[in-house]
Amino acid sequence: MDIITRMSVGCMSKKKKTSDELDIYKSIRKPMPPPTKVIPDKRHKLKEEWFEEQTEQDLQQVIRDKGQAVRVRFAPSPTGYLHIGGARTALYNWLFAQKNKGSFILRIEDTDRTRSTEEAIEAIISSLKWLGLDWDEGPYRQTERFSLYHGTAQRLLDEKKAYFCYCTPEELETRREEALKAGIPPRYDRRCRALSSEQRRVLERERKPAIRFACPLEGVTTISDLIRGEVHFENRLLDDFVLLRADGSPTYNFAVVIDDKAMEITHVIRGEDHLPNTPKQVLLYNALNSEPPLFAHLPMIVGPDRKPLSKRHGATSIEEYRNKGYLPEAMVNYLALLGWSLDEKTTLISRNELIEKFSLERVSKAPAVFDIGKLEWMNGYYIRHTPVKRLVAEIIPFLERVGYLAEAPDKRKMSWLERLVFLEQERMKNLAEIIKLADFFFKDVEWDPKSVEKILSAPEVPKVLSMATERLESLDRFDSRGIEKTLRSLQKELGFHPREVFQPIRVAVTGRMVSPPLFETLELLGKRRAIDRLRRAQKILPRSSA
RNA sequence: GCCCCCAUCGUCUAGUGGCCUAGGACACCGGUCUUUCAAGCCGGCGGCGGGGAUUCGAAUUCCCCUGGGGGCACCA
């Protein structure tokens, strides 16, 4: 079936109710023009295969036919914590690997020795583990691979595809600034590209050279991005970028290419900020006579002001979210949907379904605003749907951190904690909130002046509180059922609105107007503490009710 | 200055020429439940940046404009 037939069939099958009129239009409709033919770029051999009609399925078929397993990598530079954006990139890579039964590789891009730290590596790894993004290979380190870079650079030098450059970083910087000021594109002027060996000898005496790539001066490099389609770059506008620094360390563009090639990476899934680097890398693959991987450039994640996500916008690292009590499954769910969608309605989606359904095809092209509010809602949802036992386990460290839990809870305490968490579960948007929500369970009550003023100043309060105290005191089994029975009958007896008797008790016992359900709260507090608080509350009643 | 990407409710998004009176989710607003707060349920508000072109028909295709973003390092 050719493309045109396939398309019209597709259209018709989509229609549910077809009016006669429309059918007539359809029959006289001009056939769709074939997709515009683009002249294949010899430099990028893969392009013809990934022609625009290709679907993800076709693509995966091709990969299978080639007997090529999917291999993707996450390659952070260890200069800080794992950021939201990096985490999403890692997630998409991981999902893609899982979906395609391929390999997910972790590689640390630490060629910049001055900015890379061991702590950052640790932090990134710990965040990845917390998110559940386990890798099949690595972590590899670029600093461990210098000889490979040197060998390749030598080869390019021999083939005249690279050359020594004797300009110093300082010279370059001043030229760059001048260019910028003059309003001309700040590119390297290629002055060392055509140096004679005599000139080189002279310069070599006092300067250590860097090695630059001899970029083709004409032609077009086309990259075929899985998310964006074809993107064209004019070679003459590209730069003779540095491959190896004077100190022998490789630059990013050089190292990625060599590593991705050595590790047989099939799909490079990374942030859109790398798009302008891609033609340089493709050119390098060409120079090395190897096929570039497939590229997929993810849209950026931005703040509410559409500027790159930064500390100004609040927490940006995964670790911070972890410390605030976000659940990894909420994080994964939210991040997955930040730039990808399954269909017109799916908002909550499990990790397994994500693996099953993820596709690069459905990644959106536009930058996404990180919406903390939605993340919070989603986290609340996950908290509500997490088994209490697991929730307790997650919450214990938060309690310990503020000193609400001095020692490991015994069985009794554990069951008490479970009942408490059960009560607070549907009120928490993140785990750390338990501290404020439930503080009156862990330390003595502090009566909030506003609540006291508003609730305890009513004339019936003294009576309500004293009677409630009395009745509760006579209870043998201080459980929520008995408490409820007692207090409800008291309320009926007094002929007050439920609110008029329960709110004063709540304030007396918790110190504020908002708490979990009253009867359960009283039970959890225990008879002794409950009665004690009720008694003491009666002594601090505002004068208007006295 | 040059190159590149992007553009649907406030936000995340669905949408690939007629199923669109543009769908879902968060947020917001109302109602309901209720001893408070949540949660839940029901309902509401709210959007195709602008202009041309193609077509019987455009959110959807093409061009221009505008706006946003990324990049232009011996950073990654």
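We name chains A, B, ... by the order of the sequence lines, and we start the count at 1 in each one.
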Exercise for the section: Could you tell me which nucleotide pairs with B:C33 by Watson-Crick or G-U wobble geometry, both distances under 3.5 Å, or answer none if nothing does? Expected result: none

Practice task
With P as the reference atom in both, quote the distance from B:U16 to B:G23 in angstrom, rounded to an integer.
Solution key: 14 Å

Exercise for the section: Counting heavy atoms from C-beta on, name the nucleotide in B:C5, B:G70, B:U36 closest to the side chain of A:Arg506. Expected result: B:U36

Measure all distances between protein nitrogen or oxygen atoms and nitrogen or oxygen atoms of nucleotides 31-33 of chain B, and list the pairs falling under 3.5 Å.
none

Handout entry: Ring centroid separation A:Phe358 to A:Tyr92 under 6.0 Å
Key = yes

Problem - Under 4.0 angstrom between A:Lys307 side-chain N/O and B:G69 OP1 or OP2 - result: yes

Problem - Under 4.0 angstrom between A:Thr251 side-chain N/O and B:A76 OP1 or OP2 - result: no

Fill in the blank from the handout: Ranking A:Asp305 and A:Thr346 by the position along RNA chain B of their nearest nucleotide, the one closer to 5' is A:Thr346

Problem - No-H, no-angle donor-acceptor pair, A:Asn277 side chain to B:A76 base, under 3.5 Å - result: yes

Handout entry: A:Tyr163 atom OH, neighbour heavy-atom count above 12 within 6.0 Å
Key = yes

Practice task
Measure the distance from CZ on A:Phe502 to P on B:U36 and round it to the nearest whole Å.
Solution key: 10 Å

Exercise for the section: If B:G10 has a Watson-Crick or G-U wobble mate with both distances under 3.5 Å, name it; if not, just say none. Expected result: B:C26

Exercise for the section: Report the nucleotide, chosen from B:A76, B:C6, B:U35, that has the shortest atom-to-atom distance to any side-chain atom of A:Tyr252. Expected result: B:A76

Exercise for the section: Answer yes or no: is there an ion pair linking A:Arg488 with A:Glu484, defined by an N-O contact shorter than 4.0 Å? Expected result: yes

Practice task
Name the orientation class of the two ring planes belonging to A:Phe213 and A:Phe241 (parallel below 30°, tilted from 30 to 60°, perpendicular beyond 60°).
Solution key: tilted

Exercise for the section: Could I get the full list of ring-ring contact (aromatic ring centres under 6.0 Å, His included) partners for A:His497, not counting sequence neighbours? Expected result: none

Please tabulate, one pair per line, each protein N/O and nucleotide N/O from nucleotides 9-12 of chain B that are separated by under 3.5 Å, including the distance.
from	atom 1	to	atom 2	distance (Å)
B:U11	OP1	A:Arg306	NH2	3.1
B:C12	OP1	A:Val369	N	2.9
B:C12	O2'	A:Leu337	O	3.0
B:C12	O2	A:Lys374	NZ	3.3

Problem - Rounded distance in Å between the P positions of B:C41 and B:A25 - result: 10 Å

Problem - Residues touching RNA chain B, which here means a heavy atom under 4.0 Å, drawn from residues 509-518 of chain A - result: A:Met513, A:Val514, A:Ser515, A:Pro516, A:Pro517, A:Leu518

Exercise for the section: List in chain and number order the residues that pass salt bridge (Lys or Arg N to Asp or Glu O under 4.0 Å) with A:Lys357, two or more places apart in sequence or in another chain; answer none if no residue qualifies. Expected result: A:Glu353

Exercise for the section: Under the side-chain contact (heavy atoms from CB on, under 4.5 Å) rule, collect the residues that match up with A:Asp371, sequence neighbours excluded. Expected result: A:Tyr334, A:Lys374

Exercise for the section: Return the value, rounded to whole Å, for the distance between atom OH of A:Tyr381 and atom P of B:A25. Expected result: 13 Å

Problem - Strand contacts (RNA chain B) in residues 170-187 of chain A, 4.0 angstrom heavy-atom criterion - result: A:Leu172, A:Arg176, A:Gly183, A:Pro185, A:Pro186

Problem - B:C45 pairs with, by Watson-Crick or G-U criteria that keep both distances under 3.5 Å - result: none

Handout entry: With A:Arg187 via salt bridge (Lys or Arg N to Asp or Glu O under 4.0 Å) - residues at least two apart
Key = none

Would you tabulate the pairs of protein nitrogen or oxygen atoms and nucleotide nitrogen or oxygen atoms of nucleotides 41-43 of chain B closer than 3.5 angstrom?
none

Problem - Nearest-Å distance once atom P is located in both B:G50 and B:G10 - result: 13 Å

Problem - Complement of B:C20, any strand, by Watson-Crick or G-U distances under 3.5 angstrom - result: none

Problem - By side-chain contact (heavy atoms from CB on, under 4.5 Å) - contacts of A:Arg145 (at least two apart) - result: A:Leu148, A:Tyr149, A:Asp259, A:Ala262, A:Met263

Practice task
Give a yes or no on whether a donor-acceptor pair under 3.5 Å exists between the nucleobase atoms of B:C5, that is its base, and the side chain of A:Arg228.
Solution key: no

Exercise for the section: Report the nucleotide, chosen from B:A76, B:U36, B:A14, that has the shortest atom-to-atom distance to any side-chain atom of A:Gln503. Expected result: B:U36

Practice task
Name all residues meeting the ring-ring contact (aromatic ring centres under 6.0 Å, His included) criterion together with A:Phe502; count only those two or more places apart in sequence or in a different chain, and write none if there are none.
Solution key: A:Phe519

Practice task
Determine the interatomic distance between C1' on B:G44 and the same-named atom on B:C9; round to the nearest Å.
Solution key: 14 Å

Problem - B:G15 OP1/OP2 closer than 4.0 Å to side-chain N/O of A:Arg362 - result: yes

Problem - OP1 or OP2 of B:A76 under 4.0 Å from side-chain N/O of A:Arg115 - result: no

Problem - CD (A:Glu171) with more than 12 external heavy atoms under 6.0 Å - result: yes

Problem - Identified pairing partner of B:U54, criterion: Watson-Crick or G-U wobble below 3.5 Å - result: none

Completion exercise
Considering only heavy side-chain atoms of A:Thr111, the closest of B:A7, B:U35, B:A76 is B:A76

Completion exercise
Applying side chain to side chain donor-acceptor pair (under 3.5 Å) to A:Thr521 and not counting sequence neighbours gives none

Exercise for the section: In whole angstrom, give me the gap between the C1' atoms of B:C72 and B:C29. Expected result: 48 Å

Handout entry: Whole-Å P distance, B:C74 and B:C28
Key = 49 Å

Handout entry: A:Arg200 charged N/C atom sitting above A:Phe164 aromatic ring, 6.0 Å / 45°
Key = no

Exercise for the section: Taking only the side-chain nitrogens and oxygens of A:Arg427, find out if one of them lies under 4.0 Å from OP1 or OP2 of B:A39. Expected result: no

